[in-house]
A.B. asks: 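Sharing a structure here in C-alpha cells format.
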Amino acid sequence: MMERKNLPSDTILSLFFSFGTALAVIILSLSGSLGQEIYSYLFGSILTVSEMELYLSFAIFILSLLIFKLKYDDLFLVLFNEEIARLRGINTSFLNYMFVLLAGINIVLSIKVAGLLLSASFVALPSMTALLIANSFFQTFLLSAMFAFLSVIFGIFVSLIYNIPPSGSIVMIMVLLFLLSFAIYTVKTRKGL
C-alpha cells in the first residue's frame, strides 16, 4: 500500500484539459455555434455508434478482461518494477506492446462516442480517480472500470435531461468524480487515516 499519493503534473494538466474541453462542448452546444460535421468529428456522438461497433466494443472489453486475468501477476510486476520482471523471465516488451495495443483499440472505439478531443479523457480520468482511492492494483482496476461505467450512465442521463452532448456531460461527470475523490483523499490524509 502506498503511504503517500502525489499527483504528477501531467495528471493535473490532463484534468484541466478534460474539464475545459467538456465545458467548451457544452457551452458551444447550448449557443448553437458549432457546425454539425465538425461537432460530431471533434466531439463525437453516441447516436452514430452502429450495432457492429457496439459488439466490437463488447468483444474488446471481454478480451481485455481475459488478458488482465491471465497476465495479472506479470502485469503487476512489470508495472511495479520492469527490471525485476525481466530478471524473472517475463517478456516485458510483449506485455507493454499488448497493453498499448489494447489501449489504442479502446481509444479508437471511443472516438466515435467521445470525439477526438475527449477520447483521451475516457481513458485517463477514471484511472486517475481510482488511484486516489484504491489501496491496491486490483482495486485501482475495478474502481477505474466502475467510475467509467457510472460516468457514461449518468452522463447520458444528464445529456438527455438538459439536451447537451453526451460526450461533454460524460467527461464532466468524470471530472466531478475526480474532484470528489480528491476532496475525500485530502480529508483522509489531513486526518491521518
Side-chain angles (χ1 to χ4, degrees), residues 1-2 5-8 10-15 17-18 21-22 44-46 48-156 166-167 170-171 173-175 177-178 181-182 185:
M1 185 169 124
M2 294 168 50
K5 298 178 183 179
N6 290 323
L7 293 174
D10 59 339
T11 299
I12 302 299
L13 288 173
S14 177
L15 175 70
F17 175 79
S18 300
T21 308
S45 172
I46 201 161
T48 62
V49 177
S50 70
E51 192 174 328
M52 182 62 180
E53 290 165 330
L54 189 61
Y55 291 137
L56 182 59
S57 295
F58 185 71
I60 294 298
F61 169 72
I62 296 298
L63 179 64
S64 299
L65 282 179
L66 183 64
I67 290 172
F68 184 80
K69 181 174 175 29
L70 294 173
K71 296 290 185 181
Y72 177 80
D73 292 335
D74 293 348
L75 176 63
F76 180 76
L77 190 55
V78 167
L79 292 173
F80 178 69
N81 192 323
E82 198 165 334
E83 292 297 319
I84 292 174
R86 257 190 234 111
L87 290 172
R88 287 200 164 185
I90 296 171
N91 188 347
T92 57
S93 295
F94 172 74
L95 276 179
N96 286 330
Y97 286 127
M98 180 179 55
F99 284 101
V100 166
L101 178 67
L102 283 174
I105 291 170
N106 281 304
I107 290 171
V108 167
L109 289 171
S110 73
I111 285 175
K112 194 135 187 199
V113 174
L116 287 172
L117 295 178
L118 294 175
S119 59
S121 303
F122 274 57
V123 176
L125 286 172
S127 57
M128 288 172 12
T129 305
L131 281 171
L132 289 171
I133 297 173
N135 294 319
S136 70
F137 178 67
F138 187 70
Q139 261 187 1
T140 302
F141 175 76
L142 289 179
L143 287 173
S144 179
M146 183 186 76
F147 289 141
F149 180 75
L150 290 174
S151 297
V152 169
I153 297 299
F154 285 116
I156 291 172
S167 57
I170 290 168
V171 172
I173 297 291
M174 288 180 178
V175 169
L177 283 173
F178 176 84
S181 298
F182 188 74
Y185 168 73

A.B. asks: Which pairs pass side-chain hydrogen bond (donor to acceptor under 3.5 Å, both in side chains) with one or both residues in residues 55-64, sequence neighbours excluded?
C.D. replies: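 Found Glu51-Tyr55.
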A.B. asks: How close do Met174 and Thr129 get, counting heavy atoms only, and between which atoms?
C.D. replies: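 Closest approach of Met174 to Thr129, heavy atoms only: O-OG1, 4.2 Å.
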A.B. asks: Can you tell me how far the CD1 atom of Ile133 sits from the CE atom of Met146, to the nearest 0.5 Å?
C.D. replies: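 Atom-to-atom, Ile133:CD1 and Met146:CE are 7.0 Å apart.
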A.B. asks: Would you say Tyr97 has more than 12 foreign heavy atoms packed within less than 6.0 Å of its OH?
C.D. replies: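 Atom OH in Tyr97 is not packed in, count stays at 12 or less.
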A.B. asks: What are the two closest heavy atoms between Ser181 and Phe147, and how far apart are they?
C.D. replies: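 For Ser181 versus Phe147, the nearest heavy atoms are OG-CZ, 4.4 Å.
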A.B. asks: How many angstroms lie between atom OG of Ser136 and atom CG of Leu142, to the nearest 0.5 angstrom?
C.D. replies: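 Rounded to the nearest 0.5 Å, the OG-CG separation comes out at 8.0 Å.
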A.B. asks: Rounded to the nearest 0.5 Å, what's the gap from CG on Leu102 to CD1 on Ile67? Could you check?
C.D. replies: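 So the CG of Leu102 and the CD1 of Ile67 are separated by 4.5 Å.
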A.B. asks: Using side-chain heavy atoms (C-beta onward) and a distance below 4.5 Å, is Leu101 in contact with Met98?
C.D. replies: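 The answer is no, as the side chains (C-beta and beyond) never meet within the 4.5 Å cut-off.
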A.B. asks: Among residues at least two apart in sequence or on other chains, which ones pass side chain to side chain donor-acceptor pair (under 3.5 Å) with Arg86?
C.D. replies: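 For Arg86, the residues satisfying side chain to side chain donor-acceptor pair (under 3.5 Å) (neighbours in sequence not counted) are Glu82, Glu83, Thr92.
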A.B. asks: Among Val175, Val152, Ile153, which residue meets the side chain to side chain contact (heavy atoms under 4.5 Å, CB included) test with Ile170?
C.D. replies: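 For Ile170, the side chain to side chain contact (heavy atoms under 4.5 Å, CB included) check succeeds only for Val152.
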A.B. asks: Looking at CZ of Phe58 and CG of Leu63, how far apart are the two atoms once the value is rounded to the nearest 0.5 Å?
C.D. replies: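 So the gap between those two atoms works out to 12.0 Å.
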A.B. asks: What are the two closest heavy atoms between Ser151 and Ile173, and how far apart are they?
C.D. replies: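 Smallest interatomic distance, heavy atoms only, reads CA-CG2, 3.7 Å.
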A.B. asks: Hey, could you give me the CG/CD1 distance between Leu66 and Ile62, rounded to the nearest 0.5 Å?
C.D. replies: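 Answer for the CG-CD1 pair, Leu66 versus Ile62, is 9.0 Å.
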A.B. asks: For Leu65, what residues pass the side-chain contact (heavy atoms from CB on, under 4.5 Å) criterion, not counting sequence neighbours?
C.D. replies: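 Leu65 satisfies side-chain contact (heavy atoms from CB on, under 4.5 Å) with Phe61, Phe141 once adjacent residues are dropped.
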A.B. asks: Fit a plane to each ring of Tyr185 and Phe182, take the angle between them on a 0 to 90° scale, and name the class: parallel (under 30°), tilted (30 to 60°) or perpendicular (over 60°).
C.D. replies: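 Tyr185 vs Phe182 ring planes: tilted.
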A.B. asks: Rounded to the nearest 0.5 Å, what separation is found between the CG atom of Asn91 and the CG atom of Asn96?
C.D. replies: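 Rounded to the nearest 0.5 Å, the CG-CG separation comes to 9.0 Å.
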A.B. asks: Got Leu177 and Phe154 here, is their nearest side-chain heavy-atom distance under 4.5 Å?
C.D. replies: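 No, every pair of side-chain atoms sits at 4.5 Å or beyond.
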A.B. asks: Indicate the ring-plane relationship of Tyr72 and Phe137, choosing parallel, tilted or perpendicular according to the 30° and 60° boundaries.
C.D. replies: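 The rings of Tyr72 and Phe137 sit tilted, inter-plane angle from 30° to 60°.
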A.B. asks: To check you understand the geometry: which heavy-atom pair defines the closest contact between Ser144 and Pro126, and what is its length?
C.D. replies: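 Heavy atoms only, the tightest pair is O-CB, 3.4 Å.
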